[in-house]
Engineer: 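Submitted below is the structure of interest, expressed as structure tokens.
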Amino acid sequence: MFLYHHVPDNVEGNILYPLNEMTRVFPDVFNKQKAKYDAIKEKDVEIPGFGFWNDCINLMPVNPELVKEELEKFGHDTGWAWKFYKIDSTTLDNKNLIFLVQTDKEDASKRDFLKFTETNFNKYAHIGEVAKFRYQKAKDQGEQPYTFGGIPHVLYKGRINVNDLEIIEF
């Protein structure tokens, strides 16, 4: 079961940190990254036993190539660097993984937190109706959607060493 994380521009170091930890490790990077997430409501929601969204590293159980293909089906711009770490979930501490699945097409604050299991992975490692609805809505409104909005996420409470991770690009 593979999880994916976008390779940040101008990567510093070999560790992925949760956004909140970056305040002391890389304050300049934190300030730059934080601004990208100011409008995302998930960051202000407490996750039972995990803290908050930005206390975790946000990973995706969906192959990013499928996300790009889906965006292109809806006519959205995908002309940016699609470069992702490919992470074998068995290398992470399973008790520190949890699924975040949005359950409402219109309201991003409606979500479920589910245990990270193979069954849930198989159920949610695809682009569901919530993401497709949001891609269509953005197209209808002549806007670029939030690329990963509505896609299931896996949150990891911890750090990830990226030294030996495969990087996929397309």
Side-chain angles (χ1 to χ4, degrees), residues 1-8 15-23 29-30 33-71 74 76 78 82-138 143-162 165 168:
M1 298 182 294
F2 290 104
L3 303 170
Y4 302 90
H5 187 282
H6 184 256
V7 176
I15 303 291
L16 286 177
Y17 295 94
L19 198 59
N20 282 344
E21 274 192 56
M22 289 178 64
T23 57
V29 176
F30 169 80
Q33 295 300 315
K34 181 184 174 294
K36 291 191 319 187
Y37 300 109
D38 280 345
I40 297 175
K41 295 177 184 178
E42 286 87 347
K43 73 181 185 340
D44 301 320
V45 173
E46 189 163 5
I47 303 162
F50 277 72
F52 290 88
W53 180 85
N54 47 3
D55 290 327
C56 301
I57 297 173
N58 285 251
L59 306 169
M60 190 171 56
V62 179
N63 185 315
E65 192 164 7
L66 299 176
V67 176
K68 182 178 182 184
E69 289 172 6
E70 195 69 28
L71 284 164
F74 286 92
H76 294 299
T78 60
W82 288 78
K83 188 174 177 180
F84 288 80
Y85 294 115
K86 184 177 181 181
I87 304 163
D88 183 341
S89 65
T90 63
T91 65
L92 303 175
D93 186 347
N94 190 277
K95 73 178 183 327
N96 290 336
L97 291 165
I98 192 167
F99 268 97
L100 180 157
V101 179
Q102 294 186 347
T103 58
D104 189 287
K105 294 176 183 178
E106 294 279 355
D107 186 351
S109 69
K110 305 273 187 194
R111 65 190 68 78
D112 286 334
F113 295 104
L114 307 168
K115 189 172 183 170
F116 185 82
T117 64
E118 186 173 355
T119 299
N120 282 339
F121 184 89
N122 292 334
K123 184 175 181 179
Y124 294 109
H126 67 279
I127 300 168
E129 294 307 310
V130 172
K132 291 177 184 180
F133 173 85
R134 292 183 185 170
Y135 292 170
Q136 182 63 53
K137 183 176 179 181
E143 298 173 350
Q144 181 72 14
Y146 175 56
T147 302
F148 305 109
I151 303 239
H153 278 66
V154 173
L155 306 178
Y156 182 63
K157 187 172 180 161
R159 300 172 182 159
I160 300 174
N161 187 320
V162 299
L165 294 181
I168 56 171

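Keep in mind the model is a prediction, meaning the values are calculated, not measured.
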Engineer: Check whether Y135 reaches the backbone of T147 with its side chain - one donor and one acceptor, N or O, closer than 3.5 Å.
Structural biologist: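 Indeed, once roles are kept as given, a pair shorter than 3.5 Å links the two residues.
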Engineer: Can you find a heavy atom in the side chain of V67 that is under 4.5 Å from one in the side chain of M60?
Structural biologist: yes
Engineer: With side chains defined as the heavy atoms from C-beta onward, is the minimum distance between Y156 and L3 less than 4.5 Å?
Structural biologist: no
Engineer: Tabulate below the donor-acceptor pairs under 3.5 Å that side-chain atoms of residues 83-100 make, not counting sequence neighbours, or state none.
Structural biologist:
{"unit_1": "D88", "atom_1": "OD1", "unit_2": "T90", "atom_2": "N", "d": "2.9"}
{"unit_1": "D88", "atom_1": "OD1", "unit_2": "T90", "atom_2": "OG1", "d": "2.8"}
{"unit_1": "D88", "atom_1": "OD2", "unit_2": "T90", "atom_2": "OG1", "d": "3.2"}
{"unit_1": "S89", "atom_1": "OG", "unit_2": "M1", "atom_2": "O", "d": "2.9"}
{"unit_1": "T91", "atom_1": "OG1", "unit_2": "D88", "atom_2": "O", "d": "2.7"}
{"unit_1": "D93", "atom_1": "OD1", "unit_2": "K95", "atom_2": "N", "d": "3.3"}
{"unit_1": "D93", "atom_1": "OD2", "unit_2": "K95", "atom_2": "NZ", "d": "2.6"}
{"unit_1": "N96", "atom_1": "ND2", "unit_2": "K157", "atom_2": "O", "d": "3.3"}

Engineer: About how many Å separate CG of N63 and NZ of K68, when rounded to the nearest 0.5 Å?
Structural biologist: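 It is 12.0 Å, given to the nearest 0.5 Å.
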Engineer: For I151, does its backbone N or O pair with a side-chain atom of H153 as donor and acceptor, under 3.5 Å?
Structural biologist: yes
Engineer: Which heavy atom of Y124 sits nearest to which heavy atom of P152, and what is that distance?
Structural biologist: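 Of all heavy-atom pairs spanning Y124 and P152, the closest is O-CG, 3.2 Å.
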Engineer: Test of understanding: with side chain to side chain contact (heavy atoms under 4.5 Å, CB included), list the residues that count as partners of T119, not counting sequence neighbours.
Structural biologist: T117
Engineer: Of the non-hydrogen atoms in F74 and K132, which two are nearest, and what is the gap between them?
Structural biologist: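 In this case the closest contact between F74 and K132 is CZ-O, 3.7 Å.
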Engineer: Checking side-chain contact (heavy atoms from CB on, under 4.5 Å) against Y4, which of L59, I168, V154 comes through?
Structural biologist: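 For Y4, the side-chain contact (heavy atoms from CB on, under 4.5 Å) check succeeds only for I168.
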Engineer: Using every non-hydrogen atom in the two residues, find where G149 and R134 come nearest and quote the distance to one decimal.
Structural biologist: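 Looking at all heavy atoms of both residues, the shortest contact is C-NH1, 3.9 Å.
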Engineer: Give me each pair satisfying salt bridge (charged side-chain N to carboxylate O under 4.0 Å, His left out) with a member in residues 115-130, each pair once, sequence neighbours excluded.
Structural biologist: none
Engineer: With side chain to side chain contact (heavy atoms under 4.5 Å, CB included) as the test, would you mind laying out the steps for N58 and L155 before giving the verdict?
Structural biologist: CA-CA 5 Å; N58 285 251; L155 306 178; 3.2 Å; yes
Engineer: Answer whether the closest heavy-atom distance between the side chains of V162 and I15 falls below 4.5 Å.
Structural biologist: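 In short, these two side chains do not touch, never coming nearer than 4.5 Å.
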Engineer: Would you check if L19 and F52 make a side-chain contact, meaning some heavy-atom pair closer than 4.5 Å?
Structural biologist: no
